[in-house]
Amino acid sequence: MTSRNTLAAAVWLLMISPWPSVAQTRGDDRALDSRIEARMKSDPALKHHPIRVDVDHGVVTLKGKVASEADRTRALTLAQVTGVRRVDNTLTVDASLARKAVSAEKARGTSQAVAGDVADVVTDAWLITRLKAEFLGDAALEGSDIDVDADHHVVTLKGTVATEAGRSRAVQVAKTTKGVTQVVDALTVGPKR
């Protein structure tokens, strides 16, 4: 075969070979990058660490800091997904990150406990406001003087209602209000005080 024929055969093979285009490679790299970053962010041990993922032609480079050697190994394992040719793990271990993570976790726990207490107070206040508004617009409770109190979703109704039907209506409205767990009926039937 002449060199001209050899060259033509080589060009023909290159034309029909399934070489990925540059755009296809970039798209594959972006998809790998997204998958790996999602895995890092969903991992409880790694999600708070500053880890950067770069992918170039199927080669993954991990950059940033982690709290321990175990975290470094975990990141390497999470980066090894289908389509990755190699992982260059350049993560460095910074023990101070472990202390910061523990402090942040304690702070989160404290703020969640406080938020839970605030939610209970707001809920009780909301229940009181809601029930007072319901009672004001109810014709069956006209001429009533009802005091509403709530403590941990237990509603206490005090005061007077004009009729026994009014008393039943007030208790029914309170029991069917979302968030009320129990109703204490301390109402009396009689004229408004």
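Across Thr82 and Leu32, no two heavy atoms sit closer than the pair O-CD2, 3.4 Å. Summarising the geometry of Leu127 relative to Gly179, their closest heavy-atom pair is CD1-O, 4.0 Å, with the distance given to 0.1 Å. Heavy atoms only, all atoms of each residue included: Leu157 and Ala170 are closest at CD1-O, 3.8 Å. Among all heavy-atom pairs drawn from Val161 and Ser144, the shortest one is CA-OG, 3.4 Å. Among all heavy-atom pairs drawn from Arg72 and Val66, the shortest one is N-CG2, 3.7 Å. For the pair Asp185 and Arg167, the tightest heavy-atom approach, listed with the atom from each and the gap, is OD2-NE, 3.0 Å.
In this structure a side-chain-to-backbone donor-acceptor pair under 3.5 Å is present from Asp29 to Gly58. Side-chain atoms of Thr61 never come within 3.5 Å of backbone atoms of Asn89 as a donor-acceptor pair (strictly under, hydrogens ignored). Panel note: side chain Arg39, backbone Leu78; a donor-acceptor pair is recorded below 3.5 Å.
Summarising the geometry, atom CZ belonging to Arg130 is positioned 6.5 Å from atom OG1 belonging to Thr177; distances are rounded to the nearest 0.5 Å. To the nearest 0.5 angstrom, Asp94 atom CG is 5.0 Å from Lys65 atom NZ. Going from atom CG of Leu76 over to atom CG of Asp88 covers 10.0 Å, rounded to the nearest 0.5 Å. Put simply, CG on Asp147 and CG on Leu131 are 11.5 Å apart, with the number rounded to the nearest 0.5 Å. Note that CG of Asp43 and NE2 of His48 are 10.5 Å apart. Values are rounded to the nearest 0.5 Å. How far CZ of Arg52 is from CG of Leu91: 11.5 Å, rounded to the nearest 0.5 Å.
In this structure, Glu142 places its CD atom where only 12 or fewer heavy-atom neighbours from other residues, nucleotides or ligands lie under 6.0 Å away.
A salt bridge does not link Asp149 to Lys158: none of the charged side-chain nitrogens sits closer than 4.0 Å to a carboxylate oxygen.
Cluster annotation: Ile146 is not connected to Val154 through the hydrophobic network of ILVMFWY side chains, with a link wherever side-chain heavy atoms come within less than 4.5 Å. Linking ILVMFWY side-chain heavy atoms closer than 4.5 Å, directly or via other members, places Leu136 and Val148 in two distinct hydrophobic clusters. Using a 4.5 Å cut-off between side-chain heavy atoms of Ile, Leu, Val, Met, Phe, Trp and Tyr, with links allowed through other members, Val184 and Phe135 fall into different hydrophobic clusters. Grouping the Ile, Leu, Val, Met, Phe, Trp and Tyr side chains by contacts below 4.5 angstrom, directly or via other members, places Trp126 with Val173.
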Under the side-chain contact (heavy atoms from CB on, under 4.5 Å) criterion, do Lys175 and Gln172 qualify, and how do the steps go?
CA-CA 5 Å; Lys175 283 184 177 179; Gln172 177 205 12; 5.8 Å; no

May I have the step-by-step check of side-chain contact (heavy atoms from CB on, under 4.5 Å) for Leu62 and Val53, ending in yes or no?
CA-CA 5 Å; Leu62 301 177; Val53 178; 3.9 Å; yes

For Asp124 and His153: C-alpha separation, side-chain torsions, deciding distance, then whether side-chain contact (heavy atoms from CB on, under 4.5 Å) applies.
CA-CA 6 Å; Asp124 286 340; His153 313 284; 4.1 Å; yes

Does the pair Ile36 and Val84 meet the rule for a side-chain contact (heavy atoms from CB on, under 4.5 Å), with working shown?
CA-CA 10 Å; Ile36 294 167; Val84 170; 4.1 Å; yes

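Residue Val59 is found outside any hydrophobic cluster, as its side-chain heavy atoms come under 4.5 Å of no other Ile, Leu, Val, Met, Phe, Trp or Tyr.
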